[in-house]
Amino acid sequence: MDQIMVTAKPHLLSSTLLPLTIQKLQQPILPSKCKFKFNQTPHSNSDQPGTASSFTPNLEQTQQIHAHMIKTQFDHTLQIPLKPLQTHLSRGAQYNFLITSYIKNNRPKIALQLYTQMRRMDTQVDNFTIPTVLKACGQSCLEFLGRETHGFALKSGWDSDVFVCNALIQMYSECGSLVLARLVFDQMTERDGVSWSTMINSYVRNRVLGEALELIRDMYCMQVKPSEVAMISMVSLFADITDMKMGKAMHAYVARNSSNEKLVVPTTTALVDMYVKCGNLAYARRLFDGLAQKSIVSWTAMIAGCIRCNELEEGAKLFNRMLEERKFPNEITMLSLVIESGSVGALELGKWLHAYILRNGFSMSLALATALVDMYGKCGETEYARALFDSMENKDVMIWSAMISAYARAHRTNQASLLFARMRDSGIRPNQVTMVSLISLCAEVGALDLGKWVHSYINQQRIEVDVILRTALVDMYAKCGEIDVGLRLFHKATNRDSRMWNAMITGLAMHGCGKEALELFEEMERQGVKPNDVTFIGLLHACSHAGLVADGKRVFKKMLHDFGLAPKVEHYGCMVDLLGRAGKLDEAHELIKSMPLEPNTIVWGSLLAACKIHKSPDLAEVAARQLLELEPQNCGYNVLMSNIYAASNRWIDVAGVRKALKDKGTKKEPGLSSIEVNGAVHDFMMGDKTHPRTRKIYEMLAEMIKKLKEAGYTPNTSVVLQNIDEEEKETALNYHSEKLAMACGLISTAAGTPIRIVKNLRVCDDCHTATKLLSKIYGRVIIVRDRNRFHHFREGSCSCGDYW
DNA sequence: TTAGGGTTAG
């Protein structure tokens, strides 16, 4: 009862592992450490202790005061039984006070009920009430009531009040009605800094960044000087959208225009945060070190920044220094640090933070638990995540989504769908975030049926499809082989950001639609959407898969010349792949030699693969030597080399490589194929016998091999890595994961329906040949998505034209 | 001024 958690101060409160208890409500003086704030009503600029408007009670106190007001029927003067609130309030002010208190305590619905009651009782609604009520409407996304209140403000003549208008902008933007928000903003005769920053923030929140930036430019042009507080929020805006150029401009502007000494720490902290989020840790650190007085917020931003940049030791050092300087972490500190640990996959640090939270008297709030669940999920520790998740008595949509996303990340399709079912059963309404996790999972594992089901669920439940969800859907349909559905969804979008364009371009690339991808990019340019490095990876892949060498070269040049994007090592990898596949091996090699960056395994690997296609053992040796230096453990390169030597009849070299392989033992990322049947995903490793229908699957496999041989198939044993005899090699080939998945598909689906398989590596030569024949023998369309692209097998041939 | 879950590539 009456317990309020205060910020934990482990060193000061070593004996207080239990939450502090504050005095009962009836007791006269509030402890100074509790979270009570002196709240300001819109028009009051100074704290006025002793008036109700400057005091925000917690929920329980609000309810008690509410009960008291009901008892006195709002008629008598209000006596709040707390010393600073011995005060007399009119009926209207009593309502205002209650409405504000409920909103501050996150109970907007009760606030709105009170407002309705107030109107019914003809109590005067004033320009103090309206912004408060609008805030509640915004928080609850009740645009209808918000509009009604807007109408009331118009009738009462308060539509010219800056506070009322600012609240209207905020309300409309929270309800997603940006056009109306802008209308209110445009019609204002007098705007203050808050009006501008609210409107700008609305655009940022809804990811309409172009408009936000334009508005900032307008503001400069009109010489509107934002308030110093608004400047801080603009800095944090550029931090959020990681726009260092604008962030720096704001830095210069702030340096020229701010003079309020009290705001030095918050302003500098916001700048530290901006530089951190824009990736300039060193500069952030310089600013931070220059701060004579550092707040807990400053420490939080800086330490979180170190972790974000993977400077874990420095982060830990700063954390200790912070404690030494007697600044103690609050819940937001811990949240920030846990989130950043998750983002860089720092499991050990994450666990340490978890322990720190438990040891130092923090209550395990849903927010903290969610951040921890997410951190464990991102570090691949789904079991830890699940244990913590299960330990939380009350769960909300956020933690549910975080757990589902953990499963999604681990490709645990069946667990994710089970949890999703449980979520619905317990009456928690899934939202866009939940759906994005599920849809992207379907995309990753190629679960088309489940993806379609989730999509229909989204429509049925009228879950709004925002940019992110639409991107996930476009990506899912493209990755599940339904590129046309993806295109349809893409073209129907009213608001496309660069990521959505990227998803579509990448999708077309996977399907070998090079020309279409290039056309789409031209359209993207025309619409003024800024491409990023991912866009160019998609484009180069598209050119590579369609053999468009000249286009690829043009795109590669364009990247730097037209968009100022320096090619990364991935882009060089794509270019080497493009040139190599097209047989321009020397040109590819020259490109590698001229690279300003250190070539990695992807770059050399692309060259090696090209040497295999075009039978160039000498250059292959060069590539393989580099690869083995970079990754001595990976025997895949030796295998590839032995195949290359074999193709050129260099048997002595073949024997040499085989010996090296035997000495080292074979290590290679295991192949994994999956197939979806009736919404459940079945995974197969090579020679897998864990499936419940194993016997049937192997019977089918035997039949498949028999029919293949009758059709003239001879196993291509050169792709087998192990040093075993020919017969064993043949058996190994037959048990390749994609063949097992195919057998599973053939026995589990109706004749004539397409079979869809997803493989984590590239399809091997032998399986490719076999699948072509199987598509003819069984009269099935077989769609295989491998690591690189789609293969549509039909009537004995493949859409890749044997070029992959 | 720091603030729980989501999209493209790898």
Side-chain angles (χ1 to χ4, degrees), chain A residues 207 228-229 231-236 239 263-274 276-277 291 294-305 329-340 342 365-375 377-378 385 389 395-406 408-409 430-441 443 466-476 478-479 496-507 509-510 531-541 568-571 573-574 600 602 787-788:
Chain A
R207 312 309 289 167
E228 296 202 19
V229 174
M231 285 189 234
I232 295 174
S233 89
M234 280 162 60
V235 172
S236 75
L263 292 179
V264 169
V265 178
T267 307
T268 313
T269 303
L271 287 167
V272 166
D273 185 53
M274 185 273 293
V276 157
K277 290 197 175 136
L291 261 181
K294 299 175 177 71
S295 69
I296 185 61
V297 181
S298 326
W299 285 100
T300 303
M302 193 64 236
I303 299 170
N330 58 26
E331 184 174 335
I332 297 175
T333 312
M334 300 318 288
L335 270 174
S336 310
L337 303 193
V338 170
I339 292 163
E340 297 303 349
S365 66
L366 259 179
L368 270 177
T370 306
L372 286 164
V373 164
D374 184 55
M375 180 275 293
K378 285 185 174 139
F389 171 85
K395 302 180 178 82
D396 64 1
V397 64
M398 302 269 267
I399 194 156
W400 280 105
S401 298
M403 194 60 231
I404 288 176
S405 147
R409 213 168 261 124
N431 61 15
Q432 291 152 318
V433 178
T434 328
M435 304 330 279
V436 169
S437 296
L438 287 170
I439 289 290
S440 61
L441 167 61
D466 65 3
V467 189
I468 299 179
L469 184 49
R470 189 174 290 267
T471 303
L473 283 166
V474 166
D475 181 54
M476 183 272 289
K479 286 199 177 135
R496 302 186 195 102
D497 66 2
S498 58
R499 290 176 185 217
M500 197 191 284
W501 288 91
N502 291 354
M504 197 68 253
I505 288 173
T506 308
M510 282 188 101
N532 60 15
D533 52 332
V534 179
T535 319
F536 285 94
I537 291 175
L539 285 171
L540 293 173
H541 271 145
K568 294 185 175 173
V569 69
E570 290 89 342
H571 299 100
C574 292
N600 64 3
I602 298 170
R787 175 174 275 187
N788 271 353

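Proteins get letters first, then strands, A, B, ... in listed order; numbering begins at 1 in each.
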Length of the CG-C1' vector between A/Leu438 and B/dG5, whole Å: 12 Å
From B/dG6, B/dA9, B/dG5, nucleotide with atom closest to A/Ile537 side chain: B/dA9
Rounded distance [0.5 Å steps], NZ in A/Lys395 versus OG1 in A/Thr370: 11.0 Å
Whole angstrom value for the distance that separates P of B/dA9 from CZ of A/Phe536: 16 Å
Selected nucleotide, minimal atom distance to A/Val436 side chain, candidates B/dA3, B/dG6, B/dT8: B/dG6
Derivation and outcome, side chain to side chain contact (heavy atoms under 4.5 Å, CB included), residues A/Leu291 and A/Lys294: CA-CA 6 Å; A/Leu291 261 181; A/Lys294 299 175 177 71; 4.0 Å; yes
Nearest listed nucleotide, side chain of A/Lys378, among B/dG6, B/dT1, B/dA3: B/dG6
Candidate nucleotides B/dT1, B/dG4, B/dT7, ranked by approach to the side chain of A/Thr269 - the nearest: B/dT1
Phosphate-side-chain proximity, A/Arg409 and B/dG6, N/O vs OP1/OP2 below 4.0 Å: yes
Under-4.0 Å side-chain N/O to phosphate OP1/OP2 contact, A/His541 with B/dG10: yes
Which nucleotide in B/dG6, B/dG5, B/dT8 has an atom nearest any side-chain atom of A/Gln432: B/dG6
Proximal nucleotide (of B/dG4, B/dT2, B/dT7) relative to the A/Leu335 side chain: B/dG4
From B/dT1, B/dT8, B/dG4, nucleotide with atom closest to A/Val297 side chain: B/dT1
Distance below 4.0 Å between A/Ser405 side-chain N/O and B/dG6 OP1 or OP2: yes
Donor-acceptor pair (no angle test) under 3.5 Å: A/Thr300 side chain, B/dT2 base: yes
Test log, rule side chain to side chain contact (heavy atoms under 4.5 Å, CB included), inputs A/Val436 and A/Ile439: CA-CA 5 Å; A/Val436 169; A/Ile439 289 290; 5.8 Å; no
Candidate nucleotides B/dT2, B/dT7, B/dA9, ranked by approach to the side chain of A/Ser440 - the nearest: B/dT7
Of the listed nucleotides B/dG4, B/dG5, B/dT2, the one nearest the side chain of A/Lys277: B/dT2
Set of residues satisfying side chain to side chain donor-acceptor pair (under 3.5 Å) with respect to A/Ser298, sequence neighbours excluded: A/Thr269, A/Ser295
Partners meeting side chain to side chain donor-acceptor pair (under 3.5 Å) with A/Thr535 (sequence neighbours left out): A/Asn502, A/Asn532
Minimum-distance nucleotide (side-chain atoms of A/Thr333 versus B/dT2, B/dT8, B/dG4): B/dT2
